[in-house]
Undergrad: 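Have a look at the structure that comes next, please.
Because the structure is a prediction, the values reported are computed rather than measured. Atoms within each ligand, like the ligands themselves, are counted from 1 in listed order. Position 1 is the first residue of the sequence, and the numbers go up from there.
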Amino acid sequence: MNDLTPTREERIANLKGLGSSRKRVEDARFTQGKGNYVDDIKMPGMLFGDFVRSPYAHARVKSINADAAKAIPGVVAVLTAADLAPLNLHWMPTLAGDKQMVLADGKVLFQGQEVAFVVATDRYIAADAVEKVEVEYEELPVITDPFKALEPDAAVLREDLNGIMSGAHGPRRHHNHIFLWETGDKEATEQALDAAEVVAEEMVYYHRTHPCPLETCGTVASMDKVNGKLTVWGTFQAPHVVRTVASLLSGIEEHNIRVVSPDIGGGFGNKVGVYPGYVCAIVASIVTGKPVKWVEDRMDNLMATAFARDYWMKGRISATKDGKITALHCHVTADHGAFDACADPTKFPAGFFHICTGSYDIPVAYVGVDGVYTNKAPGGVAYRCSFRVTEAAYFIERMIEVLAIELNMDAAELRRINFIRKDQFPYQSALGWEYDSGDYHTAWDKALEAVNYKGLREEQAQRIEDFKAGKTRKLLGIGLTHFTEIVGAGPVKNCDILGMGMFDSCEIRIHPTGSAIARLGTISQGQGHATTFAQIIASEIGLSADSITVEEGDTDTAPYGLGTYGSRSTPVAGAATALCGRKIRAKAQMIAAWLLEVHEGDLEWDVDRFQVKGAPERFKTMKDIAYAAYNQAIPGLEPGLEAVSYYDPPNMTYPFGAYIAVMEIDVDTGEHEVRQFYALDDCGTRINPMVIEGQVHGGATEGYAIAMGQEIAYDEIGNVKTGTLMDFFLPTAWETPHYTTDHTETPSPHHPIGAKGVGESPNVGSVPAFSNAVHDAFRAFGLRQSHMPHDHWRIWKIARNLGLHG
Ligand code: PCD
Ligand SMILES: [Cu+]
């Protein structure tokens, strides 16, 4: 070996594989304005669509007159439900088994609902024409409160369902009721609660909010009538599903539809669902034979596309006097808005909410969820949490705090004595999940130690004394959270979307000179898949990640996949990628054996090569092998080196974490300052620590927004009060707290590389941490529960109601 021969360590480093903080390859184009987003797509003769939207939350549509609009030069068409009805496209199926109006059919059910679609030669002409469409409305009584919606004499919202007392998820017991979904052992739970020494009961509300990605939703549809091909570019988090649904709805054969998700400026769940804008753009393109672009503005996005949360969670939790939890009972009233358009796996109308036993070994539990219609926008998307998991984590982490108050116990200690122990994994939860792996005590101790928990409690006790003595007007809150997530949907046997099983896929093609392209069924919205999936492949096949292109989002080239949301890319497509790499390696081994004239079994894999066992100086690198695969006639082997894998995960993955927020709260102004935020995540094997850190910063900032100010608020008559970024809180660098990140690493036993998802964890963990900090600051003064978002006004009111303003 001369000095120029790389050492084994150097060879490993050169791969930039698993565990390397490789810089994100996509950032070169993002930071230089070279991204390619939907709105960057410009085609000759392209038309532009815009919606006439309802100003009312509930009204009958008496008439629509588009004559004045059509008279404007440049206006090509104005579509209404009457135009779509002959095609049977005036309503469309939702992901949750309901149906939704594409354009108002006789009535409108929420403010901002799509009433007519104007198509014009220019975006501004379209907007002007929208103003000229005359719609005559007759106002109807508005319901924005899900509890009032279920009163016997409440107005009938969904007249189309009148008399139909059974829906996609079973019986409906009232005209505004959608479903009751139940799991767990109700009777045993009630019995345990009745027999318990201590019971804490609380209503925990997780308010309505919105993912609000920086890029709004949009599409460009282009029908090529000569070749019979429809191409649809869009901000889709699941392009293949869009293709299949478009084919089923339009009757165009699936091979004649190409769906492309180009660069996406943030998804956060907002871009999972199907929106009327997509349908209208496609129909308009089929009708006019021209490409049609529809891109929302910010108000459209906040008012009409998918919201998140809006869960009223009534909880009861019981324990022995010394704090061992004996049962958990939860009833949710879920406000789904005007149509049930929740984005969940079909069989789970409340998503994975039943992960709500959290990190704790709770012997019996029960959950019942009532879905309810109101005059609000439809949706119910994950917003950075796999299917209602953030609601579940918020619920249990608030219930633990309330129980700690009831027991007069330290909340950190209460958690510790109830954690599922390391030796209990795989763990069967009372609500039916099998947690794959975890080591909660280690993570918890590390977190408490890192923030000097004991010291913080002493400081807090001193602060309370000083406050009472009139020496300070600021309180100190210590917000604890230990969350367990469930991500990576999911086994095909119980997870599907509209009947399509939730597997995922990867295809790898090695080029003769030892570089490669990989294509996946997922689609990055900013997560950095082009960077990280190449790292998985690099470690599997021994080519540098820098020599591997990762491509996603084009249904004409990518293998079929279910898309990116619910932190499923790493658990599902990541697994497919690793296994696909292993298929390549298996063939490479045969080629190497032939080249080295030894038996396959005499070879061993080492970093980037196959070498002869006991004679490591005799080897062929993956680069040599790739060349041979295309340039040598190898007996018994077909030329080429490529593979494809479809992966159906045996289980979901269960990442977890310990988050602690330390907050100063000004009792007189209601202002807060996040003094410290510590986030420990365990996502199993870490692919790219820097990307993970970025995910935690982003997710915790969204969690901060949600906990401390962000909400979609309605007034009594259903007006959206937060339809602009002046009213809807998006933190800037000014408000964003400083984060300290940390980790433990407990691999998933069933994932080929042991990785779990991480993208959503920081939202799931941070919301309760921030909220618990606010509650904890006032615990000594008698606060039990106060609803988010904790904006200055609400915090000020807490202080006032507790009599702290003197
Ligand atoms: N262990 C591990 C895991 C993971 N990772 C990384 O990290 C990331 C993430 O991952 P995940 O967890 O798997 O996930 P995904 O699937 O990929 O994604 C999804 C998510 O992601 C997150 N993040 C983000 N970021 C950005 N930038 N943008 C966006 O949009 C977003 N979104 C959000 C959300 S909301 Mo949903 O939709 O709600 O359901 S869901 C979600 C990527 O890159 C990966 O690779 C690593 O490294 N390692
Ligand atoms: Cu969720």
Undergrad: Does ligand 1 have an atom under 4.0 Å from some heavy atom of Gly266?
TA: yes
Undergrad: Heavy-atom contacts under 4.0 Å between Val381 and ligand 1: side chain, backbone, both, or neither?
TA: neither
Undergrad: Do the side-chain N and O atoms of Thr746 and Lys756 include a donor-acceptor pair separated by under 3.5 angstrom?
TA: no
Undergrad: Under 4.0 Å from any heavy atom of Thr570, which atoms of ligand 1 are there?
TA: 3 (C), 4 (C), 10 (O), 11 (P), 13 (O), 44 (C), 45 (O)
Undergrad: Quick one: nearest non-hydrogen protein atom to atom 21 (O) of ligand 1, plus distance?
TA: Gln527 NE2, 2.9 Å
Undergrad: Is it the case that ligand 1 has an N or O less than 3.5 angstrom from some N or O of Tyr565?
TA: no
Undergrad: Would you say ligand 1 has an N or O under 3.5 Å from any N or O of Ile687?
TA: yes
Undergrad: I need the nearest protein heavy-atom contact for atom 28 (N) of ligand 1: residue, atom name and distance, please.
TA: Gln525 O, 3.5 Å
Undergrad: How about Asp496 and Thr346: does a side-chain donor come under 3.5 Å of a side-chain acceptor?
TA: yes
Undergrad: Considering all heavy atoms of both residues, which atom of Phe503 and which atom of Val572 are nearest to each other, and what is their separation?
TA: C-CG1, 3.7 Å
Undergrad: Val691 versus ligand 1: do any nitrogen or oxygen atoms come within less than 3.5 Å of each other?
TA: no
Undergrad: Please write down residue, atom name and distance for the protein heavy atom closest to atom 47 (O) of ligand 1.
TA: Asn688 N, 3.0 Å
Undergrad: Is Arg309 close enough and on-axis enough to Phe307, meaning under 6.0 Å and within 45°, for cation-pi?
TA: no
Undergrad: Between the side chains of Thr183 and His354, is a donor N or O closer than 3.5 angstrom to an acceptor N or O?
TA: no
Undergrad: Run down the list Glu215, Gln535, Arg384 and name the one with the heavy atom closest to atom 38 (O) of ligand 1.
TA: Arg384
Undergrad: Can you list the atoms of ligand 1 that are under 4.0 Å from a heavy atom of Lys756?
TA: 1 (N), 2 (C), 3 (C)
Undergrad: Tyr659 and ring-ring contact (aromatic ring centres under 6.0 Å, His included): which partner among Tyr739, Tyr678, Phe483?
TA: Phe483
Undergrad: Can you tell me the protein heavy atom closest to atom 17 (O) of ligand 1 and the distance?
TA: His529 NE2, 2.6 Å
Undergrad: With heavy atoms only and a cut-off of under 4.0 Å, state how Gln237 meets ligand 1: side chain, backbone, both or neither.
TA: side chain
Undergrad: What are the atoms of ligand 1, with element, lying closer than 4.0 Å to any heavy atom of Thr564?
TA: 15 (P), 16 (O), 18 (O), 19 (C)
Undergrad: Check whether the side chains of Ser569 and Thr564 place a donor and an acceptor atom closer than 3.5 Å, and report yes or no.
TA: yes
Undergrad: Examine the side chains of Ser761 and Glu485 and answer whether a donor and an acceptor come within less than 3.5 Å of each other.
TA: yes
Undergrad: Identify whether the distance between the nearest side-chain nitrogen and carboxylate oxygen of Asp546 and Arg22 falls below 4.0 Å.
TA: yes
Undergrad: Ignoring hydrogens and geometry beyond distance, is a side-chain donor-acceptor pair present between Tyr435 and Thr484 at under 3.5 Å?
TA: no
Undergrad: Given Gly754, Gly566, Ser386, which one has a non-hydrogen atom that is nearest to atom 39 (O) of ligand 1?
TA: Gly566
Undergrad: Just to confirm my output: which protein heavy-atom neighbour is closest to atom 26 (C) of ligand 1, and how far is it?
TA: Gly526 C, 3.7 Å
Undergrad: Please say whether more than 12 non-hydrogen atoms of neighbouring residues, nucleotides or ligands are located less than 6.0 Å from NZ in Lys347.
TA: yes
Undergrad: State whether the shortest distance between N or O atoms of Gly759 and N or O atoms of ligand 1 falls below 3.5 angstrom.
TA: yes
Undergrad: Say whether Ala382, considering both its backbone and side-chain N or O atoms, lies within less than 3.5 Å of an N or O atom on ligand 1.
TA: no
Undergrad: Start with the C-alpha distance between Tyr206 and Tyr311, add both sets of side-chain angles, then the distance that settles ring pair (Phe, Tyr, Trp, His ring centres under 6.0 Å), and finish with yes or no.
TA: CA-CA 5 Å; Tyr206 197 145; Tyr311 255 36; 8.7 Å; no
Undergrad: Residue-level breakdown please: for Tyr383 versus ligand 1, do any non-hydrogen atoms fall below 4.0 Å on the side chain, on the backbone, on both, or on neither?
TA: backbone
Undergrad: To which protein heavy atom is atom 30 (O) of ligand 1 closest, and what is the distance rounded to 0.1 Å?
TA: Gly267 N, 2.7 Å
Undergrad: For the residue pair Thr744 and Asp682, confirm or rule out a side-chain donor-acceptor distance under 3.5 Å.
TA: yes
Undergrad: Any nitrogen or oxygen of Val272, side chain or backbone, less than 3.5 Å from one on ligand 1?
TA: no
Undergrad: Can you tell which of Phe268, Phe387, Phe533 gets a heavy atom nearest to atom 32 (N) of ligand 1?
TA: Phe268
Undergrad: With no hydrogens and no angle check, do the side chains of Asp608 and Asn14 hold a donor and an acceptor under 3.5 Å apart?
TA: no
Undergrad: Could an N or O of ligand 1 be found under 3.5 Å from any N or O of Thr685, whether backbone or side chain?
TA: yes
Undergrad: Select the closest option to atom 15 (P) of ligand 1 among Gly757, Ala755, Ser569, judged by heavy-atom distance.
TA: Ser569
Undergrad: Quick one: look up the protein heavy atom nearest atom 40 (S) of ligand 1 and list residue, atom name and how far away it is.
TA: Glu760 OE2, 2.8 Å
Undergrad: Which of these, His207, Lys376, His336, sits in a side-chain hydrogen bond (donor to acceptor under 3.5 Å, both in side chains) with Asp310?
TA: Lys376
Undergrad: With nothing but distance in play, are any N or O atoms of Gly269 less than 3.5 Å from an N or O of ligand 1?
TA: yes
Undergrad: Would you mind telling me if ligand 1 is within reach of the side chain of Gln695, the backbone, both or neither, using heavy atoms under 4.0 Å?
TA: side chain
Undergrad: Quick one: which ligand 1 atoms are inside 4.0 Å of a heavy atom on Thr532?
TA: 43 (O), 44 (C), 45 (O)
Undergrad: Looking only at side chains, do Asp27 and Thr31 share a donor and an acceptor under 3.5 Å apart?
TA: no
